[in-house]
2 protein chains.
Amino acid sequence: MEPGGDSNRTLTQLRRGALPHCVLAVLADGERYGFELIGVLAEARGLAISEGTIYPLLSRLRREGLVETSWQESDSGPPRRYYRLTADGERALANFREDWQGYRDTVDELLGTGGRR
Amino acid sequence: MEPGGDSNRTLTQLRRGALPHCVLAVLADGERYGFELIGVLAEARGLAISEGTIYPLLSRLRREGLVETSWQESDSGPPRRYYRLTADGERALANFREDWQGYRDTVDELLGTGGRR
DNA sequence: GCCAGGTTCCATGTGTCACAAGGTAGCAGG
DNA sequence: CCTGCTACCTTGTGACACATGGAACCTGGC
């Protein structure tokens, strides 16, 4: 049912690296709930994920103290759990920005994709 | 045994994304053997890996037909298994370059690390 | 010879994590 | 009520980086 996921598997592995911190980055702009995050990330090329990915991820971030949550009523539908960054979360995000830039430049250099832009 | 692997674990997850294709990229410049690759990658910031990582990775690339190998004698030490890119490997590398650039730009945009370098 | 130490390869076990699939619950509208 | 949507979460599977340990081969000292 899912054999040839060729270049798809590659993207999955790529996502692993930055996805959690991309979520943190989105939350840095204001609180969001799980379903909403899926929509926001779906608009970003190469970051489309599903519920089975986002909820375990958010649980982990919460367990690590990088985000905190609050339940809020909805006009139409069940209540939502909103996530927002903690101070630790902001620190983790700042650290990651540095790690990411170093890694990105290394890969660009090896691949020869660093040139223009 | 080592729970607090804080920012280290992050780098491991980052590596996962591009490491196999970075190996392909190095091999695109000429054939190399396993131990040599460890040294080459160690010089690239954020890509230092060990034998336990490189050999399973190379086996996988071989199984997928992206690299092929040949044994060659060494002046000093046991024989070496040299790896070089196949046509499929070159194709995979080219595909990955595109995937990588799209992904990289997406992450840069979300993190706000994209402003020309 | 033979033994210590370096080089090179590989296999096994563990832990992390993305994802698919499925399950629960609240809120509509016919 | 009952179909369908929104929203959350859990469980099982599989991929893969890494640590550890070991085998095979070479060299140099004695």
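Chain letters run A, B, ... following the sequence lines, proteins first and then strands; every chain starts at 1.
The CG-P distance, from B/Leu58 to C/dT8, rounds to 14 Å in whole Å. The interatomic distance linking A/Asn8 (CG) with C/dA18 (C1') rounds to 12 Å, in whole Å. Taking atom CH2 of residue B/Trp71 and atom P of nucleotide C/dC9, one finds them 6 Å apart after rounding to whole Å. Distance OH (B/Tyr83) to C1' (C/dC9): 8 Å, rounded to an integer number of Å. In this structure, the CD atom of B/Gln72 is 15 Å from the P atom of D/dC26, given to the nearest Å. Between the CG atom of B/Asp75 and the P atom of D/dC25 there is a distance of 18 Å, rounded to whole Å. Between the CZ atom of B/Arg81 and the C1' atom of D/dA23 there is a distance of 15 Å, given to the nearest Å. Taking atom CD on B/Glu64 and atom P on D/dA15, their separation rounds to 11 Å, with Å as the unit.
Among residues at least two apart or in separate chains, salt bridge (charged side-chain N to carboxylate O under 4.0 Å, His left out) pairs with a member in residues 33-47 of chain B are B/Arg32-B/Glu36.
In this structure, the side chains of A/Asp108 and B/Arg104 come closer than 4.5 Å at one or more pairs of heavy atoms.
Using bins of under 30°, 30° to 60° and over 60° for the plane-to-plane angle, the ring pair A/Phe96/A/His21 lands in the parallel bin.
A distance of 13.0 Å separates CG in B/Leu93 from CH2 in B/Trp100, rounded to the nearest 0.5 Å. Summarising the geometry, atom CG belonging to A/Asp88 is positioned 10.5 Å from atom CD belonging to A/Glu64; distances are rounded to the nearest 0.5 Å.
Counting only distance, with no hydrogens or angles, the side chain of A/Arg97 and the backbone of B/Leu111 share a donor-acceptor pair below 3.5 Å. Within the 3.5 Å criterion, the main-chain N or O of B/Pro79 finds no donor-acceptor partner in the side chain of B/Ser74.
Minimum atom distance to the side chain of B/Arg9 is reached by C/dT16, of the listed C/dC9, C/dT16, D/dC25.
Residue B/Gln13 is the one, among B/Gln13 and A/Gly77, whose nearest nucleotide of DNA chain C lies closer to the 5' end (criterion: closest heavy atom). Mapping B/Arg60 and A/Arg80 onto DNA chain D via the closest heavy atom, the residue that lands nearer the 5' end is A/Arg80.
Of the candidates B/Arg80, B/Arg81, B/Glu31, B/Gln72 forms a side chain to side chain donor-acceptor pair (under 3.5 Å) with just one, namely B/Glu31.
Near DNA chain C, meaning a heavy atom under 4.0 Å from it, residues 32-57 of chain B has B/Tyr33, B/Gly34, B/Phe35, B/Glu51, B/Gly52, B/Tyr55 in order of number. Of the residues in residues 16-26 of chain B, none has a non-hydrogen atom less than 4.0 angstrom from any atom of DNA chain C.
Judged purely by distance below 3.5 Å, without hydrogens or angles, the side chains of A/Asp99 and B/Thr10 never pair a donor atom with an acceptor atom.
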